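Just so it is clear: chains get the letters A, B, ... in the order the sequence lines come, proteins before strands, and each one is counted from 1. All of these numbers come straight from a predicted model, not from anything done at the bench.
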There are 2 protein chains.
Amino acid sequence: MKPSVGIRDVAQHAGVSNATVSNVLNRPDVVAPATRQRVLAAIAELGFVRNESARQLRAGRSRVIAYVVLDAANPFFTDVARGVEDAAREAGFALFLCNSASDDGREREYLELLHEQRVEGILITPVDGDSAQFAERGTPLVLVDRESTDGTRCSVAVDDVLGGELAMTHLIEAGHTRIAMIGGPLSIQQVRDRHSGALRALANAGLPADALTFLETKDLQVAEGRGAGERLVGLPSSRRPTAAFCANDLLALGLLQSMTQQGLRVPDDLAVVGYDDIEFAAAAAVPLTSVRQPREQLGRTAAQLLLSENEPDHEHRHVKFQPELVVRASSAIKR
Amino acid sequence: MKPSVGIRDVAQHAGVSNATVSNVLNRPDVVAPATRQRVLAAIAELGFVRNESARQLRAGRSRVIAYVVLDAANPFFTDVARGVEDAAREAGFALFLCNSASDDGREREYLELLHEQRVEGILITPVDGDSAQFAERGTPLVLVDRESTDGTRCSVAVDDVLGGELAMTHLIEAGHTRIAMIGGPLSIQQVRDRHSGALRALANAGLPADALTFLETKDLQVAEGRGAGERLVGLPSSRRPTAAFCANDLLALGLLQSMTQQGLRVPDDLAVVGYDDIEFAAAAAVPLTSVRQPREQLGRTAAQLLLSENEPDHEHRHVKFQPELVVRASSAIKR
DNA sequence: CTCAGCCGTTAAAACGTTTCAACATCGAGG
DNA sequence: CCTCGATGTTGAAACGTTTTAACGGCTGAG
């Protein structure tokens with residue numbers, strides 16, 4: 001429809017060459033103020049919008065980074081994304097947000113797309129923990145909320161083993177001796193780490209390993225938490241756990257909901273501890289005890305690490321943050 | 001670093017011309033199977049990745065649409081985004097997700113960026129309801145969850161006046177005669193519409209207009225809901241409303257939290273109705289009565305409308321969905 | 001008066017694709 | 001044997017920028 005006004009139309013209209021227009025756009029200081037004004041006027045008048053494809057093709061740079069997020073519906077990740085976005089925009093980069101929705105097919109598609117787009121860098125919380133899957137293709141890539149096992153790239157993570165230990169120790173100290181851990185699938189590194197931490201806490205307290213029952217779920221969504229709650233209530237009350245440690249807050253919220261529906265009280269009949277400390281955890285049916293992670297900072301740090309990748313003396317780093325237990329009503333002391 | 005293998009390297013390696021390689025990429029059926037295999041082998045061997053910038057520059061198409069979302073941390077919008085993404089990927093488009101975070105500066109920046117990127121189309125839930133602000137620049141644009149006042153573009157919305165009326169009628173029928181509406185700022189069309197609906201319900205029931213007190217908030221986040229709760233409790237109990245209708249669920253959750261903290265019971269001391277029916281509404285301290293909107297469908301429809309824009313006989317349409325009241329414990333009948 | 005140096009501007013060459021008209025090759029139909 | 005159409009392939013011209021080296025005009029020093 002519209003013949004799409006280009007840099008040369010502007011040049012003609014302002015009576016200069018297109019190189020000058022390009023200079024006005026990219027190095028305003030190098031062009032004489034008078035001409036600059038004239039060019040800017042022409043740009044405004046013609047409604048010129050720079051064609052980023054052409055720019056990128058020629059310049060080789062793209063001013064865009066991407067974050068491939070594991071689950072855009074999980075508030076934990078939207079908070080991380082906010083940190084990423086803030087850091088990116090401070091550095092003059094735009095953020096391309098992609099949602100793999102825990103589907104490795106989608107993840108692959110998006111990575112392919114991003115490579116084709118020649119983004120400057122990629123942040124990713126991968127579906128599969130195995131970071132070796134990302135064939136190096138020249139685009140800097142840093143792992144978010146996952147630890148890089150090999151030293152081939154940067155990563156920013158939180159100590160999930162410690163987090164699991166904190167949660168579990170808290171429940172043990174509250175007097176619980178039959179505890180369930182709810183989470184899954186075990187293919188997720190996070191779940192495994194938090195479980196290891198829980199086991200470590202058990203060992204530290206001198207409790208037998210069978211004091212902890214692991215209930216595996218298919219994913220980390222609210223619905224699975226509800227399902228786990230039903231499974232839990234189905235157990236004979238003599239063998240039923242008196243406390244549950246959920247691998248994330250969504251599961252915990254589902255579990256809470258299921259307890260309320262079935263007429264059980266939290267924390268009296270079942271103490272519950274979640275993980276992530278999302279904003280909704282404090283507003284839950286019973287305010288949720290949870291393991292807090294520095295979400296925005298996670299994202300912010302990851303973005304900064306990514307943007308430092310093309311500095312000449314860059315060395316891959318592995319940042320690890322410490323989680324922190326936030327105690328609320330859902331795990332009040334057992335009397 | 002890597003000399004970036006291009007289409008002509010592939011061509012040379014496979015012993016064909018670059019036009020043929022391009023054909024393999026874009027019209028595989030037109031090239032002889034034998035050559036196609038040879039080219040594909042070369043692509044795999046050299047690790048060729050198509051340069052999307054160059055493609056786009058030449059072809060003029062971009063295979064990317066964008067959704068500028070108002071608040072990525074609000075589950076309502078992530079659900080809409082999911083609908084958008086599904087529809088987009090079905091049509092072979094990728095989705096660029098941008099978060100304006102209710103900041104019109106950010107919104108403008110993103111729109112500028114998207115125009116420069118020459119995306120095929122833009123979906124947007126604008127910060128400011130005034131849709132005339134978007135100077136037509138050749139990129140199709142459809143409004144999501146906002147109604148287009150002029151007929152210059154498509155929009156997909158939900159009948160917010162009806163939603164407000166449903167919520168309010170419900171509270172009135174439950175016997176409440178002093179009701180607060182919490183929401184803001186009034187510059188947001190949604191808030192105004194839901195308020196009008198509430199007033200209409202009032203009129204229908206023959207109640208005086210001052211039965212509804214409007215408490216304006218600065219935004220629609222959880223924290224403002226908490227603040228409103230404190231303001232509410234500060235009122236002398238003789239004049240304190242017995243029910244509150246919140247302009248969205250985040251506010252309602254904050255309000256709920258504040259009530260619990262201050263030792264008031266919901267719904268006995270205060271009945272609460274939210275709006276959006278996000279997943280967390282059902283898992284709240286007291287399961288929340290809310291007005292449900294067809295979230296995914298909203299997004300899906302918007303994307304389909306957008307993608308139909310460049311059909312030759314396209315006419316701008318304004319789709320409007322009906323909301324639905326979901327009654328839960330937070331507004332149980334007053335006895 | 002000449003020349004070196006500076007400043008602002010420019011012409012033209014990339015960048016890596018897609019696309020189109022043109023070109024071979026081949027088999028079939030006249 | 002010639003022509004025709006179909007099938008596959010190709011050379012070269014775009015697309016709209018950025019970038020580089022060169023250019024002309026001016027100033028001040030010699």
Can you tell me which nucleotide in [options] comes closest to the side chain of [X]?
X: B:R8; options: D:dG11, C:dT17, D:dT18; value: C:dT17
X: B:R55; options: D:dT10, D:dT17, C:dT17; value: C:dT17
X: A:S22; options: D:dT18, D:dT10, D:dG16; value: D:dT18
X: B:N51; options: C:dT9, C:dA12, C:dG16; value: C:dG16
X: A:I7; options: D:dT17, C:dT17, C:dT19; value: D:dT17

Notebook entry, point to check: Do any side-chain nitrogens or oxygens of B:S17 fall under 4.0 Å of OP1 or OP2 in D:dT9?
Noted result: no
Notebook entry, point to check: DNA chain D: A:S53 or B:R36, which has the more 5' nearest nucleotide?
Noted result: B:R36
Checklist line | Residue met sooner reading DNA chain D from 5', once B:N23 and B:R118 are mapped to nucleotides | finding: B:N23
Gap between atoms [atom1] and [atom2], on [X] and [N] respectively (whole Å):
X: B:Q12; N: D:dT10; atom1: CD; atom2: C1'; answer: 15 Å
X: A:D9; N: D:dC15; atom1: CG; atom2: P; answer: 11 Å
X: B:N18; N: D:dA14; atom1: CG; atom2: C1'; answer: 13 Å
X: B:D29; N: D:dT9; atom1: CG; atom2: P; answer: 12 Å
X: A:Q56; N: C:dC15; atom1: CD; atom2: C1'; answer: 11 Å
X: A:L57; N: D:dC15; atom1: CG; atom2: C1'; answer: 9 Å
X: A:N26; N: D:dG16; atom1: CG; atom2: P; answer: 17 Å
X: A:L25; N: D:dG16; atom1: CG; atom2: P; answer: 15 Å

Sugar-phosphate, base or nothing in reach of [X], heavy atoms under 4.0 Å:
X: A:R27; answer: sugar-phosphate
X: A:T35; answer: sugar-phosphate
X: B:A32; answer: sugar-phosphate
X: B:R61; answer: sugar-phosphate

Next item on the list: May I ask you to say whether B:R317 pairs ionically with B:E309, meaning some side-chain N is under 4.0 Å from a carboxylate O?
Entry: no
Note to self: Take a 6.0 Å sphere around CZ of A:R106 and say whether it holds more than 12 heavy atoms from other residues, nucleotides or ligands.
What the structure shows: yes
Next item on the list: Decide if atom CZ of A:R8 counts as having more than 12 heavy atoms of other residues, nucleotides or ligands within a radius under 6.0 Å.
Entry: no
Notebook entry, point to check: Does a donor on one side chain and an acceptor on the other come within less than 3.5 Å for A:N26 and A:R55?
Noted result: yes
Next item on the list: For the residue pair A:Q190 and A:R146, confirm or rule out a side-chain donor-acceptor distance under 3.5 Å.
Entry: yes
Next item on the list: Please state whether the base of C:dT18 and the side chain of B:R58 form at least one donor-acceptor pair under 3.5 Å?
Entry: yes
Checklist line | Shortest non-hydrogen contact from A:P294 toward A:V158 | finding: CD-CG2, 4.2 Å
